Participant: 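Encoded as structure tokens, here's the structure I'll be asking about.
Start at 1 with the first residue, then count along the sequence. Note that the structure is a prediction, hence the values are computed from the model and not measured.
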Amino acid sequence: MIGVFDSGIGGLTVVKQILKELPEYRLMYLGDTARMPYGNRSQDLIYRFTRQAVEYLFQAGCKLVIIACNTASAEALRKIQQEWLPKNYPDHRVLGVIRPIAQEVGKLPGLSRVGIIATSSTVKSGAYDRELKQINPEIKVFSQAAPLLVPLIEEGWQNRPETAKILRGYLRGLKNRKIQTLILGCTHYPILSKRIKNICGKKIIVLDTPKIVALSLKDYLSRHPEIETKLAKDDCHRFLVTDLTSQFKTNAENWLGQKINLEKIDLN
């Protein structure tokens, strides 16, 4: 199986695109809804939570896990890949979302000014800045923490006028910086993509980050048959959460565009 992990249910935006681009593979989604959001947590705690989730997915049969959470990708992915994985699951793989998005930005011609909205933790980590600078040292990166967006989206407030007002406030400074493209540095934010595009206007390219991640995974599997051949191929997908409410279920089905069964599990 392919595992997809996020701190909440925003990672379903990535799952939706993976199901579209790679419909033959069985998926298992895990959202740590009991402990979200991760964006205001310490690095040590984010690493511990992420490692617990990845291990749960491995134990459930996943051979490859996508950390769809930008915060976890920024704060925990490298340590998991370099230290924990070789000692415990050397034949498994864990991938993140930041590098594929940075690589896609690097393909855009004539780009010099990049904006990012993300959680406070992702912004403070500087993960996007490092990846983008490695690809093109001349790129100027402007980041804006947007800590209120995740709880608003999880509450189903994406269409409320209060959310639109907060979003305009977050984007105002980036627009004033004359950015040419905008990275949505949290898997929840694509749910607001239409509002974000309207606020940014036609001159700013708002990247389709879930599609970028799905296509990057497709490319990875084509280059790594030693992993691809171990993946189950059917539609017996499972959707797991660490806390279950009617709001989570409603949001999950709306964002995914289909009826699903959410299973509550305990990572502790």
Participant: Got a sec, which residues hit side chain to side chain contact (heavy atoms under 4.5 Å, CB included) with Q43, two or more places apart in sequence or on another chain?
Facilitator: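 Expected list: E75.
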Participant: Taking atom types as modelled, is there a side-chain donor on N70 or Y128 under 3.5 Å from an acceptor on the other?
Facilitator: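 Present: a donor and an acceptor within the cut-off.
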Participant: Got a donor-acceptor contact below 3.5 angstrom from the R172 side chain to the L167 backbone?
Facilitator: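 Absent.
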Participant: Verify the neighbour count for atom NZ of K133: are there more than 12 heavy atoms of other residues, nucleotides or ligands below 6.0 Å?
Facilitator: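 Atom NZ in K133 is packed in, count exceeds 12.
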Participant: In the hydrophobic cluster built from side-chain contacts under 4.5 Å, what are the other members alongside I135?
Facilitator: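 None, because no other hydrophobic side chain comes under 4.5 Å of this residue.
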Participant: I would like to know whether S112 and Q180 meet side chain to side chain contact (heavy atoms under 4.5 Å, CB included); could you show each step before the answer?
Facilitator: CA-CA 7 Å; S112 61; Q180 297 161 289; 3.2 Å; yes
Participant: For N254, what residues pass the side chain to side chain contact (heavy atoms under 4.5 Å, CB included) criterion, not counting sequence neighbours?
Facilitator: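 Residues passing side chain to side chain contact (heavy atoms under 4.5 Å, CB included) with N254: T250.
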Participant: Which residues satisfy the salt bridge (charged side-chain N to carboxylate O under 4.0 Å, His left out) test with R35, sequence neighbours excluded?
Facilitator: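 So R35 forms a salt bridge (charged side-chain N to carboxylate O under 4.0 Å, His left out) with D32.
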Participant: Kindly check if the number of other-residue, nucleotide or ligand heavy atoms within 6.0 Å of NZ (K20) is above 12?
Facilitator: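 Not more than 12 within 6.0 Å, no.
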Participant: More than 12 heavy atoms of other residues, nucleotides or ligands under 6.0 Å from CZ of R26: is that the case?
Facilitator: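 Enclosed: over 12 neighbouring heavy atoms sit under 6.0 Å from CZ of R26.
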Participant: My understanding is that only one of L184, V105, L132, T122 makes a side chain to side chain contact (heavy atoms under 4.5 Å, CB included) with I116; could you say which?
Facilitator: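 Exactly one option meets the side chain to side chain contact (heavy atoms under 4.5 Å, CB included) with I116, and it is L132.
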Participant: Could you list the residues that satisfy salt bridge (charged side-chain N to carboxylate O under 4.0 Å, His left out) with D219, not counting sequence neighbours?
Facilitator: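 Partners of D219 under the salt bridge (charged side-chain N to carboxylate O under 4.0 Å, His left out) test: R223.
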Participant: With sequence neighbours left out, write down each residue that passes salt bridge (charged side-chain N to carboxylate O under 4.0 Å, His left out) with K203, or none if nothing qualifies.
Facilitator: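 For K203, no residue satisfies salt bridge (charged side-chain N to carboxylate O under 4.0 Å, His left out) once neighbours in sequence are set aside.
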Participant: Residues in ring-ring contact (aromatic ring centres under 6.0 Å, His included) with F5, at least two apart?
Facilitator: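 Not a single residue meets the ring-ring contact (aromatic ring centres under 6.0 Å, His included) criterion with F5.
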Participant: Under the side chain to side chain donor-acceptor pair (under 3.5 Å) definition, can you give me all pairs with a residue in residues 76-92, not counting sequence neighbours?
Facilitator: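 Sorted pair list: E55-Y89, Q59-Y89.
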Participant: Residues in salt bridge (charged side-chain N to carboxylate O under 4.0 Å, His left out) with R160, at least two apart?
Facilitator: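 Testing R160 for salt bridge (charged side-chain N to carboxylate O under 4.0 Å, His left out), a comparison that skips the adjacent residues, returns E162.
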Participant: According to salt bridge (Lys or Arg N to Asp or Glu O under 4.0 Å), does anything in residues 250-265 pair up with another residue at least two apart or in another chain? List the pairs.
Facilitator: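 Passing the test, one end in residues 250-265: R238-E263, K249-E253, E253-K259.
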Participant: To the nearest 0.5 Å, how far apart are OG in S143 and CG in D129?
Facilitator: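 Here the interatomic distance stands at 4.5 Å.
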Participant: Using the side chain to side chain contact (heavy atoms under 4.5 Å, CB included) criterion, which residues pair with E228? Sequence neighbours excluded.
Facilitator: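 Counting only residues at least two positions away or on another chain, E228 forms a side chain to side chain contact (heavy atoms under 4.5 Å, CB included) with Y25, L221, K233.
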Participant: For the residue pair T71 / S121, report whether a side-chain donor-acceptor contact shorter than 3.5 Å exists.
Facilitator: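 Looking only at side-chain atoms, T71 and S121 do not form any donor-acceptor pair under 3.5 Å.
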Participant: If you compare all heavy atoms of I9 against all heavy atoms of A252, which two are closest, and at what distance to 0.1 Å?
Facilitator: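 Closest approach of I9 to A252, heavy atoms only: CD1-N, 4.0 Å.
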Participant: Listed by chain and number, what are the side chain to side chain contact (heavy atoms under 4.5 Å, CB included) partners of K178, not counting sequence neighbours?
Facilitator: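 In terms of side chain to side chain contact (heavy atoms under 4.5 Å, CB included), with neighbours along the sequence ignored, K178 is linked to R113.
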